[in-house]
S.K.: 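My questions all concern the structure below.
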Amino acid sequence: MHSEADDIKKHVRTYWMIGGALYVFTVITVAVNQIHLALPFAVTLALIVASMKGYMVASVFMHLNHEKKWIYGSLLLTVAFFIVLMSIPLFTVMDSIGTDIVQEVPAGSAHPGAGAPAH
Amino acid sequence: MLNYLGLPIAASEHAGEIDHMISLVHWLMLLMFVGWGLFFIYVLFRFRKGANPRADYVGAKGKLSKGTEIAIVVAEVVLLVGYAIPAWARRVQQFPAESEATVVRVIAEQFAWNIHYPGADGRFGRTDINRVSSENPIGLDRTDPDAKDDLTTINQLTLPVDRPVLVHLSSKDVIHSFGLFEMRVKQDAVPGLDMPVWFIPNRIGDYEIACSQLCGLGHYRMRGFINVKSEADYRAFLAEEAKFLTQ
Amino acid sequence: MDNVATLGTAAHEHAHDHAHEELGFWRKYVFSQDHKVIGIQYAFTSLLFLLFGFGLMMVMRYQLAYPGSPIPLIGNWLGSANAPGGIMLPEFYNQLGAMHGTIMVFLGVVPLAVGGFGNFVMPLQIGAPDMAFPKLNMMSYWVYFVGGVVMLVSFFMTGGAAQSGWTSYPPLAVISPGQTMWLIGMIFLITSSLLGSVNFIVTIVQLRARGLTWMRLPFFVWAQFVTSFLLLLAFPPLEAAGVMQLMDRVAGTSFFMPSGLVVSNQVATSLTGVATGAVGSGGGNPLLWQHLFWFLAHPEVYVLILPAMGIVSEVIANNTRKPLWGYRALVYSVGFLGFMSFIVWAHHMFMTGMGTTMSAFFQTTTMIISIPSVVILTALLLSLWGASIRFTTPMLFALAFLPMFGIGGLTGLPLGLAPSDIHLHDTYYVIGHFHYVVAPGTIFALFAGIYYWFPKATGRQMNELLGRIHFWGSFVCINLVFAPMLIQGLGGMNRRLYDGGMQYALNADLLKWNVVIGMAAWTLGLFQLPFIINFIMSIKWGKPVDNNPWEATTLEWSAPSPPGHGNFLTEPVVYRGPYEYSVPGAAQDFTPQFEPERA
Amino acid sequence: MNIPYTVEVRPDTGLANGKLGIWLFLASEVMLFGALFSSYIILRTGSIHWPQGELNVWLGMVNTFILIGSSVTMVMAWASLKLNDWGKHRLYLILTFALAGIFLVNKYIEYADHITRGEYPSHSTFVAMYFTLTGLHGLHILGGMVVMAYFIGPGKKMYQTNREQFVNRIEYTGLYWHFVDLVWIFLFPVLYLL
Ligand code: HEA
Ligand code: HEA
Ligand code: CUA
Ligand SMILES: [Cu+2]
């Protein structure tokens with residue numbers, strides 16, 4: 001038991017450090033965002049940073065760095081299906097024989113895609 | 001060999017290959033069902049309690065099941081690689097050139113099929129959803145020079161025989177499905193998309209267009225007609241229709 | 001073997017020292033946390049829904065058999081908005097269709113197979129005193145109940161119930177009346193399933209009795225285990241999609257609504273948000289819904305079949321008096337089936353404009369997924385070899401399941417190959433295909449389960465003669481209902497037609513079958529009467545039985561019938577595999593899992 | 001009747017029931033938000049014009065800070081329990097609750113701003129996505145707050161009667177709370193920055 005308390009004490013330091021790191025990363029993303037990068041690059045960067053933050057939260061705060069095999073197993077399965085889920089956009093547009101019909105813009109709205117003002 | 005399935009008559013060039021495939025699959029299914037079924041009935045009879053009061057702990061031995069399972073896998077692979085995938089590729093990849101084909105637009109709406117022919121110039125006129133009205137269901141802009149000679153009909157799709165047909169399929173409102181049973185053609189009409197559909201009608205006659213996707217309360221009566229005519233009759237039809245334009 | 005000694009120190013405090021903590025009527029029978037009571041609640045509710053869903057279908061079949069004639073008996077009660085003069089309107093037909101599908105799948109079969117059988121049998125089979133989270137279990141039932149009530153109430157709202165099919169494809173679903181209630185109901189039902197599946201998985205992983213290793217689990221438990229994962233991971237995307245469709249309807253968003261729609265010659269910047277007057281922006285994607293829907297709905301069809309296979313396996317093992325053939329192969333097959341079921345969904349969407357790559361992928365996965373089904377069916381068939389078959393009522397239903405599922409599964413093959421699906425998609429062939437799997441397949445398996453576990457739940461046995469009448473009548477009629485549908489489909493008759501396809505010249509020769517199907521369906525209804533009578537009467541007057549009337553081997557039969565609170569009188573310990581029937585040298589032809597090893 | 005392994009772990013899995021339960025629940029949440037992200041991608045790539053920089057980045061950043069902060073206080077609330085420091089635990093838990101509240105207040109200000117500008121969900125697909133994603137996330141925050149309120153108030157009695165289970169429950173609450181934070185970590189760049 002004694003070692004557990006020590007362990008926790010050690011962990012507490014890590015928690016604060018991770019908290020700090022998460023703040024720093026947030027500042028970095030926002031700062032990078034202020035210098036407007038090309039979109040594909042910005043997306044990649046933002047997602048990489050977000051994934052790193054996510055990794056820190058999951059592994060340290062949620063103790064995923066040392067969990068039991070049933071939890072890893074369930075999450076592995078979830079990740080597999082999550083990947084399938086994230087491939088839906090690809091499946092929907094990449095291999096379609098249909099082509100978009102670009103409609104004449106109806107009177108009163110700016111873009112059919114988005115940003116049309118309400119009235 | 002095909003008729004046992006009661007398929008409708010086949011009126012397009014690729015229908016044969018689809019029917020062939022349907023037939024092959026059904027033979028496979030029949031074989032499996034009869035095979036397992038005979039075994040099943042035999043076993044039920046032979047191993048009923050009256051005939052076999054004490055069960056055998058070990059039960060079936062031998063590798064027969066593995067063998068049949070492998071045979072089924074092989075049959076499925078053959079169907080898939082030999083028939084299904086190439087046949088599908090011909091449907092969705094090898095579209096005829098617009099110059100060689102009869103090109104028409106089909107615009108589905110609740111609950112009718114609007115047909116739009118490009119007319120003599122072979123070019124479709126501009127359409128605009130703001131012009132849509134009950135007289136002009138597809139919103140054709142007659143001021144557009146390309147539109148001058150365009151023909152439109154409702155629920156009547158007339159086509160020449162033995163020439164590729166390329167349909168540009170779309171929908172004004174909800175999802176419909178352009179189902180031509182005798183042509184072995186089916187394609188959903190999804191609003192916002194232009195779907196190409198092609199086939200070669202090879203049999204003169206009158207057939208139906210069946211809406212094959214639930215599209216509202218009138219879905220059941222969303223029926224159109226295809227009239228496949230000889231080349232000469234088709235031209236006569238176009239000329240006849242064009243007369244209405246000048247009036 | 002493995003952990004017999006080390007496990008279960010905590011399973012010590014069991015059952016019967018609680019006899020004194022008496023619960024009031026409400027806590028005991030209504031807001032109960034006992035898995036057995038909850039299971040029975042689920043079973044009753046879902047049976048009523050099944051009956052109701054079947055009732056809707058019998059009305060529909062009348063309209064299909066005799067389009068345009070007034071519906072007898074109940075025609076005048078349907079209301080002039082639905083059936084003026086007793087003659088059904090197309091709107092109402094579409095409502096009945098959508099609600100039949102929804103009710104049968106989400107309110108009938110799944111709650112019965114998982115909520116009912118899973119809840120009642122699974123904890124008993126693994127030797128657990130209850131589910132891992134009893135309160136959560138109670139909540140799942142009540143959330144399901146509310147979802148069901150919302151669905152039923154929708155019939156009485158202005159505009160009626162949902163009428164865009166159980167698939168609810170937008171844009172139609174977004175602009176049709178009734179859909180809002182459907183979506184709200186679905187959100188409840190999904191939430192209920194999610195809570196339930198968490199509970200199931202935890203229970204199976206954590207509460208297995210001492211000695212009950214994974215390879216000693218009854219196959220039914222395996223089936224429930226895989227099913228729970230399907231529910232857990234496939235349902236949330238539909239929940240997300242449901243929320244988005246709800247937004248499209250009430251907040252005027254356009255997630256699924258493309259730009260430039262024209263409905264009834266009215267340009268619609270938005271057709272959505274009719275209720276709020278809000279205006280949508282367009283730019284949505286109707287196919288996105290289909291992907292999210294089928295991402296759930298394909299795994300969902302295996303949710304319908306896996307528990308059924310589980311039940312059938314139990315009944316077959318018991319009535320053949322021998323072990324299941326190829327237990328391991330069965331287990332690996334359901335696992336594989338469950339896994340693969342997440343990557344075949346787009347075989348429902350071949351006609352939405354799919355290119356070669358994608359269609360090749362989904363055709364291939366669809367063919368692959370048919371293999372484990374073949375393996376399972378083959379294993380169950382081979383289990384009959386060398387058996388000593390007792391043709392009890394549950395066994396009759398379980399045996400009928402095999403060829404019926406066979407027909408249903410085999411007719412899935414031509415649907416799974418895209419070119420043949422061109423002809424068959426959205427015809428009655430599809431209806432025939434899946435009803436063969438769900439009706440004479442799953443429903444029969446569920447009947448088998450009811451006859452089989454009824455003694456455990458009530459301490460009494462159902463009547464065999466009535467059971468046999470029920471079986472043979474149902475078996476003949478149900479085939480007369482669904483086999484003609486395959487013929488109609490091949491002949492080119494579309495599904496979801498209000499007048500049964502009368503409009504089309506192509507269907508002229510197929511219409512006669514509508515009458516046959518109608519007759520068969522009503523007769524099928526009549527043959528359910530012996531069951532209902534049997535079911536209700538046997539609760540009170542059935543033949544009383546002891547713990548193990550079927551001389552079965554799995555753990556639930558060691559508990560009293562009906563089991564008390566906490567299930568077992570002594571801590572259950574497992575010594576062997578689940579189906580040790582006719583062990584050579586044993587005195588009896590069954591050696592239960594709970595029977596200690598003789599020294 | 002007692003359900004085994006509610007408090008102590010099952011030897012062969014090394015888990016208590018609740019731990020596995022909460023993780024499975026989170027797995028389903030992954031799929032829930034995953035579907036929305038997936039929809040976001042498809043709607044965005046399919047759109048002709050996607051507004052950028054429409055949202056108040058600073059407000060979003062402040063909210064990110066708040067949530068990350070609350071995650072730290074949450075894990076500290078649990079760690080303090082483990083170290084048998086009840087006082088600190090109370091402090092941190094209440095702090096977490098308060099931070100969650102501030103997050104929602106900020107969110108309210110943001111929403112109100114959109115509404116007054118006439119940016120209802122029907123305004124554009126972007127705004128629709130924004131409201132749906134943040135709305136659903138907000139509901140999760142609210143749910144978390146309800147749970148915390150319970151453990152701050154009536155639920156705290158359990159610490160006396162069944163200490164270990166109480167600690168476990170705080171741990172599970174924490175897991176949920178970190179997950180909600182994690183979702184926001186992805187929502188923030190996706191909605192505010194890109
Ligand atoms: C429980 C439900 C269930 C099950 C198990 C299945 C199983 C299968 N389904 Fe089915 N399906 C549905 C329910 C189900 N389906 C539903 C509800 C729909 C329609 C939804 C809608 O549109 O509304 C549908 C629709 C559907 C489609 C879409 C059709 C279309 O809309 O055009 C496709 C296409 O691939 C398909 C394929 C398959 C395949 C390949 C299997 C395979 O898994 C089958 C594998 C099984 C076998 C191959 C059988 C092997 C058995 C033997 C060999 C034994 C024989 C035994 C004896 C004789 C004793 N199904
Ligand atoms: C699990 C799913 C399930 C089940 C079991 C059934 C069962 C039946 N279905 Fe259904 N059906 C669907 C799911 C199901 N269906 C779906 C998803 C659709 C598509 C909807 C759409 O188009 O959107 C559909 C569509 C559908 C159609 C097509 C409608 C159309 O396209 O227009 C038809 C047509 O005949 C039909 C008929 C039947 C019949 C005759 C039964 C019979 O087999 C019914 C038999 C039922 C029983 C035998 C139940 C008996 C219950 C009891 C006796 C309970 C007793 C109670 C107590 C003891 C308390 N169904
Ligand atoms: Cu158009 Cu059905
Ligand atoms: Cu499927």
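So that the names make sense, note that chain A is the first sequence line, chain B the second, and so on, each numbered from 1.
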S.K.: Which word best sums up how the rings of Trp88(B) and Phe350(C) line up, parallel for under 30°, tilted for 30 to 60°, or perpendicular for over 60°?
M.R.: tilted
S.K.: If you count heavy-atom pairs within less than 4.5 Å of chain B, which of Gly165(C), Gly406(C), Gly501(C), Ala505(C) leads?
M.R.: Ala505(C)
S.K.: Need one label for Gln93(B): side chain, backbone, both or neither, based on atoms under 4.5 Å from any heavy atom in chain C.
M.R.: side chain
S.K.: If you compare all heavy atoms of Ala60(B) against all heavy atoms of Trp325(C), which two are closest, and at what distance to 0.1 Å?
M.R.: O-NE1, 2.9 Å
S.K.: Using non-hydrogen atoms and a 4.5 Å limit, figure out which bit of Asn94(C) sits close to chain B: side chain, backbone, both or neither.
M.R.: side chain
S.K.: Is it the side chain or the backbone of Leu214(B) that comes within 4.5 Å of chain C heavy atoms, both, or neither?
M.R.: both
S.K.: What parts of residues 30-37 of chain B touch chain C if we use heavy atoms and a cut-off under 4.5 Å?
M.R.: Met32(B), Phe33(B), Trp36(B)
S.K.: Check Tyr504(C) against Cys211(B) and note the closest heavy-atom contact, atom names and distance.
M.R.: OH-N, 3.5 Å
S.K.: For chain B, find which of Gly353(C), Ala329(C), Pro170(C) contributes the most heavy-atom pairs closer than 4.5 angstrom.
M.R.: Gly353(C)
S.K.: Where on Phe39(B) is there a heavy atom nearer than 4.5 Å to chain C: the side chain, the backbone, both, or neither?
M.R.: side chain
S.K.: Flag the one option from Arg223(B), Arg184(B), Met21(B) with the top tally of heavy-atom pairs under 4.5 Å to chain C.
M.R.: Arg223(B)
S.K.: Given a strict heavy-atom distance threshold of 4.5 Å, which part of Gln290(C) is in contact with chain B: side chain, backbone, both, or neither?
M.R.: side chain
S.K.: Check side-chain hydrogen bond (donor to acceptor under 3.5 Å, both in side chains) between Ser370(C) and all other residues, then give those that pass, not counting sequence neighbours.
M.R.: Glu76(B)
S.K.: Which one of Ser582(C), Pro90(C), Ser420(C) has the most heavy-atom pairs closer than 4.5 Å to chain B?
M.R.: Ser582(C)
S.K.: Centroid separation under 6.0 Å, is that true for the rings of Phe181(B) and His423(C)?
M.R.: yes
S.K.: Need one label for Gln213(B): side chain, backbone, both or neither, based on atoms under 4.5 Å from any heavy atom in chain C.
M.R.: both
S.K.: Can you tell me how far CD1 of Ile85(B) sits from OG1 of Thr356(C), rounded to the nearest 0.5 angstrom?
M.R.: 9.5 Å
S.K.: Does any part of the side chain of Trp385(C), heavy atoms only, come nearer than 4.5 Å to the side chain of Tyr42(B), both counted from C-beta?
M.R.: yes
S.K.: Side chains of Lys322(C) and Asp56(B), heavy atoms from C-beta outward: is any pair under 4.5 Å?
M.R.: no
S.K.: Are any of the side-chain heavy atoms of Pro191(B) and Met257(C) separated by less than 4.5 Å?
M.R.: no
S.K.: Can you tell me which portion of Val132(B) sits under 4.5 Å from chain C's heavy atoms? Options are side chain, backbone, both or neither.
M.R.: both
S.K.: Using non-hydrogen atoms and a 4.5 Å limit, figure out which bit of Ser134(B) sits close to chain C: side chain, backbone, both or neither.
M.R.: both
S.K.: Please classify the contact of Ile107(B) with chain C as side chain, backbone, both or neither, using a heavy-atom distance under 4.5 Å.
M.R.: neither
S.K.: If you count heavy-atom pairs under 4.5 Å between each of Gly179(B), Cys215(B), Ala87(B), Gly218(B) and chain C, which one has the most?
M.R.: Cys215(B)
S.K.: If you compare all heavy atoms of Leu506(C) against all heavy atoms of Glu208(B), which two are closest, and at what distance to 0.1 Å?
M.R.: N-OE1, 3.1 Å
S.K.: Using heavy-atom distances under 4.5 Å, tell me whether Glu91(C) contacts chain B through its side chain, its backbone, both, or neither.
M.R.: both
S.K.: What pair of heavy atoms forms the shortest contact from Pro286(C) to Val190(B), and how long is it?
M.R.: CG-CG1, 3.7 Å
S.K.: Is there side-chain contact between Val174(B) and Val174(C), with at least one heavy-atom pair below 4.5 Å?
M.R.: no
S.K.: Pick one of side chain, backbone, both or neither for Leu399(C), based on which atoms fall under 4.5 Å of a heavy atom in chain B.
M.R.: both
S.K.: What residue in His425(C), Arg321(C), Arg390(C) has the most heavy-atom pairs under 4.5 Å with chain B?
M.R.: His425(C)
S.K.: If I take atom CG from residue Leu172(C) and atom CG from residue Asp173(B), how far apart are they, to the nearest 0.5 angstrom?
M.R.: 9.0 Å
S.K.: Select one option (side chain, backbone, both, neither) describing which atoms of Leu402(C) are under 4.5 Å from chain B's heavy atoms.
M.R.: side chain
S.K.: Under a 4.5 Å cutoff for heavy-atom pairs, which residue among Ser164(C), Ala387(C), Ser383(C) has the most contacts with chain B?
M.R.: Ala387(C)
S.K.: Could you look at Tyr169(C) and say if it's the side chain, the backbone, both or neither that has a heavy atom under 4.5 Å from chain B?
M.R.: side chain
S.K.: Which atoms of Leu490(C) are under 4.5 Å from chain B, going by heavy atoms: the side chain, the backbone, both sets, or neither?
M.R.: both
S.K.: Could you tell me the separation between the CG atom of Leu377(C) and the CZ atom of Phe40(B), rounded to the nearest 0.5 Å?
M.R.: 10.0 Å
S.K.: Can you check side-chain contact (heavy atoms from CB on, under 4.5 Å) on Tyr498(C) and Arg221(B), steps first, answer last?
M.R.: CA-CA 9 Å; Tyr498(C) 155 72; Arg221(B) 58 180 161 80; over 6 Å; no
S.K.: Would you mind reporting whether Arg91(B) and Ile422(C) have side-chain heavy atoms less than 4.5 Å apart?
M.R.: yes
S.K.: Measure the shortest side-chain to side-chain distance between Leu261(C) and Lys172(B) over non-hydrogen atoms and say whether it is less than 4.5 angstrom.
M.R.: no
S.K.: Mind checking whether Tyr429(C) and His26(B) have parallel, tilted or perpendicular rings, split at 30° and 60°?
M.R.: perpendicular
S.K.: Check each atom of Val185(B) against the heavy atoms of chain C and say whether the ones under 4.5 Å are side chain, backbone, both or neither.
M.R.: backbone
S.K.: Check whether any side-chain heavy atom of Ile371(C) lies under 4.5 Å from a side-chain heavy atom of Glu69(B), and answer yes or no.
M.R.: no
S.K.: Of the non-hydrogen atoms in Met367(C) and Leu80(B), which two are nearest, and what is the gap between them?
M.R.: CG-CD1, 3.9 Å
S.K.: I need the residue from Ala360(C), Ser176(C), Pro403(C), Gly355(C) with the largest number of non-hydrogen atom pairs under 4.5 Å to chain B.
M.R.: Pro403(C)
S.K.: Heavy-atom cut-off 4.5 Å, strictly under: side chain, backbone, both or neither for Met29(B) against chain C?
M.R.: both
S.K.: Which atoms of Thr352(C) come close to chain B, meaning under 4.5 Å heavy atom to heavy atom: side chain ones, backbone ones, both, or neither?
M.R.: both
S.K.: Scan residues 59-86 of chain B for pairs that pass ring pair (Phe, Tyr, Trp, His ring centres under 6.0 Å), counting only residues two or more places apart or in two chains.
M.R.: His20(B)-Tyr83(B)
S.K.: Quick one: pull up CG in Leu5(B) and CG in Leu486(C) and give me the separation to the nearest 0.5 Å.
M.R.: 10.5 Å
S.K.: Where on Thr427(C) is there a heavy atom nearer than 4.5 Å to chain B: the side chain, the backbone, both, or neither?
M.R.: side chain
S.K.: Sort and list the pairs that fulfil salt bridge (Lys or Arg N to Asp or Glu O under 4.0 Å) and have at least one residue in residues 36-51 of chain B, not counting sequence neighbours.
M.R.: none
S.K.: Identify which part of Val25(B) has an atom lying under 4.5 Å from any heavy atom of chain C, answering side chain, backbone, both or neither.
M.R.: side chain
S.K.: Working to the nearest 0.5 Å, report the span between CG of Asn494(C) and OG of Ser177(B).
M.R.: 8.0 Å
S.K.: Under 4.5 Å heavy-atom distance to chain B, tell me which part of Tyr93(C) shows up: side chain, backbone, both or neither.
M.R.: neither
S.K.: Distance from His219(B) atom NE2 to Arg495(C) atom CZ, nearest 0.5 Å?
M.R.: 9.0 Å
